Amino acid sequence: MKKLTTHWLMICTLLFTMTSCSRAEQPGIEKEEPSTEESDSLQGKKILIVYLSRTKNTKAVAEIIHKKVGGDLVALELVTPYPENYQQIVAQVSKENDQGYLPPLKTQIEEINQYDVVFLGFPTWGMQLPPPIKSFLNQYDLNGKTVVPFNTNAGYGIGSSFETVKKLCPESKILEGFSTKGGVERDGILYVMEGEKEKEVQAEVQNWLKKIGLVN
Ligand SMILES: Cc1cc2nc3c(=O)[nH]c(=O)nc-3n(C[C@H](O)[C@H](O)[C@H](O)COP(=O)(O)O)c2cc1C
């Protein structure tokens, strides 16, 4: 009986190791085949969708885009995560913006050169582009690529964020960005991308992608 249990344990350990190894080959990257909605302008193009999201609203928009255009979906994570506490993160971001501090990224993109189109998603933070996105644009050269910004915010808009994307990617083709109201963490409203709101955003994203010629 003891021998039988040991055998089972060995088989389970082996299976677990095999599955976790294959997952670890491409950490943090979710791949999706291009959907049939994709327009001719995306045919044969390699797409990266990279986003920053704290309360998952921007993540939800990123996933909607991913379903429509395919490509690689990557969440940006920091070496040192921001504080959970809202007042603390607001204070830290404000300081980082004032000092021009670029927080180091834990997420690393392998071979950024392989991508033709980079969707870049972020919340508005302090009416600006969040410091981690500034880090990303500082670290990776997007020259010659098409850059497509998208954003969620608490209702105060994009602030200077899209302008900053333009400034930090002077040699990229920047397409018209997308923005929608997300959570209002200050008031304890965190994730809102469900039910009617989710359907609304799906339709808004579809119209936007059509307008900028990326889906039919
Ligand atoms: C540090 C911080 C600063 C923020 N500053 C703004 C702001 O200036 N204007 C605004 O409309 N929303 C602001 N927000 C709210 C977020 O933009 C909004 O909740 C967004 O949907 C969050 O996206 P996420 O769920 O992907 O993290 C801020 C949130 C945080 C955490």
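Counting from 1, the numbers follow the sequence of the chain as shown. Atom set for the values below is all heavy atoms of this structure, side chains included, hydrogens, waters and symmetry mates excluded. Atoms within a ligand are numbered from 1 in the order they appear, just like the ligands themselves. Since we're looking at a predicted model, the values are computed, not measured.
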Exercise. Would you indicate whether the side-chain heavy atoms of Cys169 and Ile174 approach each other to under 4.5 Å?
Key: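 Yes; the side chains approach each other to less than 4.5 Å.
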
Quick check: does [X] get an N/O under 3.5 Å from an N/O on ligand 1?
| X | result |
| --- | --- |
| Ile89 | no |
| Gly126 | yes |
| Gly183 | yes |
| Leu52 | no |

Self-check item: Over all atoms of both residues, closest heavy-atom pair of Ala154 and Lys181
Solution: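 Scanning both residues, the minimum pair turns out to be O-CE, 3.4 Å.
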
Quiz item: For the residue pair Leu78 and Pro103, what are the closest heavy atoms and their distance?
Solution: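 Closest heavy-atom pair between Leu78 and Pro103: CD2-CB, 4.0 Å.
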
With the threshold set at 4.0 Å, does a side-chain nitrogen-carboxylate oxygen contact exist between [X] and [Y]?
| X | Y | value |
| --- | --- | --- |
| Glu96 | Lys134 | no |
| Asp116 | Lys46 | no |
| Lys67 | Glu63 | no |

So which protein heavy atom does [atom] come closest to, and at what separation?
| atom | value |
| --- | --- |
| atom 1 (C) of ligand 1 | Val90 CG2, 3.8 Å |
| atom 29 (C) of ligand 1 | Trp125 CD1, 3.7 Å |
| atom 21 (O) of ligand 1 | Thr152 OG1, 2.7 Å |
| atom 25 (O) of ligand 1 | Thr55 OG1, 2.5 Å |
| atom 27 (O) of ligand 1 | Arg54 N, 2.7 Å |
| atom 22 (C) of ligand 1 | Pro123 CB, 3.6 Å |
| atom 10 (C) of ligand 1 | Ala154 N, 3.4 Å |

Atom indices of ligand 1 within 4.0 angstrom of [X] heavy atoms, with elements:
| X | answer |
| --- | --- |
| Ser53 | 24 (P), 25 (O), 26 (O), 27 (O) |
| Met127 | 7 (C), 8 (O), 9 (N) |
| Glu185 | 31 (C) |
| Gly155 | 11 (O) |
| Thr58 | 23 (O), 24 (P), 26 (O) |
| Gly182 | 21 (O) |
| Asn57 | 21 (O), 24 (P), 25 (O), 26 (O) |

Quiz item: For ligand 1, is any non-hydrogen atom under 4.0 Å from Arg186's backbone (N, CA, C, O), its side chain (CB onward), both, or neither?
Solution: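 No part of Arg186 is near ligand 1 at this cut-off.
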
Quiz item: How does Tyr86 reach ligand 1, by side chain, by backbone, by both or by neither, if only non-hydrogen atoms under 4.0 Å count?
Solution: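 Just the side chain.
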
Self-check item: Spacing of CD belonging to Gln87 relative to CD belonging to Glu185, to within rounding of 0.5 Å
Solution: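 Between Gln87 CD and Glu185 CD, I get 9.5 Å after rounding to 0.5 Å.
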
Quiz item: Which is closest to atom 16 (C) of ligand 1 in terms of heavy atoms, Ile158, Thr124, Ile189?
Solution: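 The nearest heavy atom belongs to Thr124.
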
Quiz item: Among side-chain atoms of Lys197 and Thr180, is any donor-acceptor pair under 3.5 angstrom?
Solution: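 Yes, a side-chain donor-acceptor pair sits under 3.5 Å.
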
Quiz item: Is it true that Gly159 lies under 4.0 Å from ligand 1, counting heavy atoms only?
Solution: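 For ligand 1, residue contact (heavy atoms, under 4.0 Å) with Gly159 is absent.
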
Quiz item: Does Gln114 CD have over 12 foreign heavy atoms under 6.0 Å away?
Solution: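 More than 12 heavy atoms, drawn from other residues, nucleotides or ligands, come within 6.0 Å of this atom.
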
Exercise. Would you please classify the geometry between the Trp125 ring and the Tyr82 ring as parallel, tilted or perpendicular, with 30° and 60° separating the classes?
Key: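 Plane angle over 60°, so perpendicular.
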
Quiz prompt | Contacts of type ring pair (Phe, Tyr, Trp, His ring centres under 6.0 Å), residue Phe119, not counting sequence neighbours | solution =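 So Phe119 forms no ring pair (Phe, Tyr, Trp, His ring centres under 6.0 Å) with any residue.
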
Self-check item: ILVMFWY clustering at 4.5 Å (side-chain atoms), partners of Met127
Solution: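 Cluster partners of Met127: Tyr156.
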
Quiz item: With the 4.5 Å side-chain cut-off for hydrophobic clustering, are Val61 and Tyr191 part of the same group?
Solution: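 Linked within one cluster.
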
